[in-house]
Q: 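One structure coming up, written as structure tokens, with questions to follow.
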Amino acid sequence: MAMPLPPGLAHSEVAFLAEMELVTVVPRQRLESIDLLGGATPPLRPPHRTDLPLWLALLLKKQRRANIVPPHWLHPSSLSEIIHHETKVNPKAFSAPPPTPVRADTHNPGHAHRQGSGGGGAQQQQQQQEQLLLSAPFRASCTADAPAGYLPYHWLEVAESLLAHAGDDVASALGASAGEVRGLLRDLVEVRAAKMRSSTADLEEFGGGLMSMRGVGAVELAESRGFVLGVVDGVRKVGASAEAVRREKEEEEGEEGGGEEGESDEEMGIF
Amino acid sequence: MSYYDIDSILTDAEKIPCTFQIDIPDLGYLDNTPTQSLKAGTRVNLPLWLAEMLAIANTGDAEGKSFVTFDLPPALGNDVVQALKADPRAVPLRDQSAHFYGLGTHMMELSEEKELAAVLRKTFVTRASEVALHARKVGGVGHRGKGAAEEGSNLGVGGAGEEFLRGLDEWERKLFRKAHDGAKSGKEWMEGIKKN
């Protein structure tokens, strides 16, 4: 019997997707626009900064045709700030994802969905398509314009790739050794992994069976997916009989209460 | 709970204490008295699937008596529940039953045990985070022989950690495997970045 694939994306798949993230490069050589399936790349004119997909940027970096400008959130001060926030300020929740551009929330006020087109004029193409609501891989969250103090969805993948292949650029641009940045990243990974583990405690109370995954990165999700799903499923199974009893009771009450119950249900539906 | 789920089959084979409510002829061998009939009031440990059937089945008796009544198995007894209330992490569940949670949920389906449900839930959730912690720590076990440096990073394995892991029931073992697989693939990915 063929083994079914585990649900969700594996690490390699997540890392592959992360290569779509746009990063800022400073080209050293001219390069004309390349027609790719995903659209044409902007032409490279040294020394003007340009946003390229991570895979292309790494390729050019390896060929010494470009230098990569690391995003602001990779700066040691930004990372320490995030670590401070995660450990001291808000030790329960994960730090928030990058803020949504202002014009994005017209449809759903009060909701911070990852939508909106290019962060603050980061991308000329996207500015023309203002109507388009774009999600993580198309948001320019890893370019030089990305705000400091927020971790984007693909933070760990991009950071690790940049450190591994463009360590010298990172070091010179941030004024810190690659080792220091790497150490901070490790700390952050550990802090957040511990948080992921302890967040299972939120499932303890009946009725409070919610784990907030806001701000969790793609790699972290890939790593914890099996565990978290297992815990939630286990809690569901343990509570199954109590749930059945509760439902029966509710149904009985609903029959006794008649119309009243139905109305209140409708009211709930509005909110 | 699929039909072919080995764990659910094994859970059904767990014995629970039952008390027969009526005399049954020719079943004396269950109580080591092969020549006699089984008397009412005899306590016999029966597998869960059989006890369930006998407890639910209608005897045709006017008083609506069932064949047997059953109690909670010792694995879910008062001692264990009190110990779990005190500290869920300190109880080796596997010593109670290899299918502790399976047994617990099945018993709760048969009889409503509000307190037990709350205790089990708390136990599972508390132990889950502990399981995840150990799963992350033993990340190096998959490829041992990397030398002392690798071993040194696996703090907590051996000693209390090993003892805790030995006390995991089947659900928790599955959870451990999942968490460990996740941590391991994460580690492999991290090491592989530099190569390509």
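Throughout, protein chains are lettered first and strands after them, A, B, ... in sequence-line order, and every chain is numbered starting at 1.
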Q: Measuring heavy-atom distances to chain B, does A:Val245 have an atom under 4.5 Å in its side chain, in its backbone, in both, or in neither?
A: side chain

Q: Under a 4.5 Å heavy-atom cutoff, which of A:Glu160, A:Met196, A:Glu223, A:Glu157 has the most pairs with chain B?
A: A:Glu223

Q: Are the charged groups of A:Glu190 and B:Arg136 less than 4.0 angstrom apart, N to O?
A: yes

Q: Using a 6.0 Å cut-off, check whether atom CD of A:Gln63 has over 12 heavy atoms from anything other than its own residue.
A: yes

Q: Taking the side chain as C-beta and beyond, is there a heavy-atom pair between A:Val14 and B:Trp189 under 4.5 Å?
A: no

Q: Check this for me: B:Asp26, atom CG, are more than 12 non-hydrogen atoms of other residues, nucleotides or ligands nearer than 6.0 Å?
A: no

Q: State, to 0.1 Å, how close B:Ile193 and A:Ala164 come at their nearest heavy-atom pair, and which atoms those are.
A: CG2-CB, 3.5 Å

Q: Looking at B:Arg177, I'd like to know if its CZ atom is crowded, meaning that more than 12 non-hydrogen atoms belonging to other residues, nucleotides or ligands lie closer than 6.0 Å.
A: no

Q: Starting from the C-alpha separation in whole Å, work towards a yes-or-no answer on side-chain contact (heavy atoms from CB on, under 4.5 Å) for B:Trp171 and A:Val238.
A: CA-CA 11 Å; B:Trp171 283 23; A:Val238 168; 3.8 Å; yes

Q: Rounded to the nearest 0.5 Å, how far does CG of B:Asp181 lie from CZ of A:Arg225?
A: 13.5 Å

Q: Can you name the nearest heavy-atom pair linking B:Ala132 to A:Phe227, along with the distance?
A: CB-CZ, 3.4 Å

Q: A side-chain contact here means heavy atoms from C-beta on lying under 4.5 Å apart; do A:Arg197 and B:Val131 qualify?
A: no

Q: Looking at A:Val231 and B:Ala128, what are the two nearest heavy atoms and their distance?
A: CG2-CB, 3.8 Å

Q: Just so I understand: if I count every heavy-atom pair under 4.5 Å between each of A:Leu156, A:Val228, A:Leu229, A:Asp233 and chain B, which residue has the most?
A: A:Leu156

Q: Just how far is it from atom NE2 of A:His11 to atom CE of B:Met190, taken to the nearest 0.5 Å?
A: 8.0 Å

